[in-house]
Amino acid sequence: MSGADIGTDASAPVEIIQTVLRKRWTPAQKMSMVEESMKPGLSVSRRARQNGISPDPIYKWRRLVLEGGSIAVGEDEPVVIISEVKAL
């Protein structure tokens with residue numbers, strides 16, 4: 001069989017690949033998970049398992065919350081939601 005014949009065999013098995021829809025979390029849901037993950041006795045991994053996701057997004061959201069909070073404290077200004085900034 002030559003390289004040109006590859007993929008032309010009608011009896012060859014076909015692999016079906018399905019796509020998985022990603023869950024979209026609202027800002028309130030993200031904040032809830034971040035707040036829960038910061039409570040004593042509840043780890044990020046446990047909170048992620050409870051929601052059926054990887055711990056990585058929760059770690060990212062925690063970092064963003066902490067960075068935003070530290071910037072606001074450093075500047076002595078409130079954190080503004082990006083959608084409010086875009087609306088202006």
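When a residue number appears, it is its place in the shown sequence, counting from 1.
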A side-chain contact here means heavy atoms from C-beta on lying under 4.5 Å apart; do Met33 and Val44 qualify? no

Would you indicate whether Arg63, at its atom CZ, is surrounded by more than 12 heavy atoms from other residues, nucleotides or ligands within a distance under 6.0 Å? yes

Of all heavy-atom pairs linking Ile58 and Val34, the shortest is O-CG2, 4.5 Å

Provide the closest heavy-atom pair for Gly41 versus Arg46 in the form atom of the first, atom of the second, distance. O-NH1, 3.9 Å

Chi angles and distances behind the side chain to side chain contact (heavy atoms under 4.5 Å, CB included) call for Gln50, Ser45: CA-CA 9 Å; Gln50 290 172 344; Ser45 296; over 6 Å; no

Distance check, rounded to the nearest 0.5 Å: Asn51 atom CG versus Trp25 atom CH2? 4.5 Å

First locate atom CZ of Arg24, then atom NZ of Lys30, and finally report the distance between them rounded to the nearest 0.5 Å. 9.0 Å

Are Met31 and Leu66 connected into the same hydrophobic cluster when the rule is that any two of I, L, V, M, F, W, Y join if their side-chain heavy atoms are below 4.5 Å apart? yes

With the 4.5 Å side-chain cut-off for hydrophobic clustering, are Met38 and Ile53 part of the same group? yes

Distance-only donor-acceptor check, side chains Ser32 and Glu35, under 3.5 Å: no

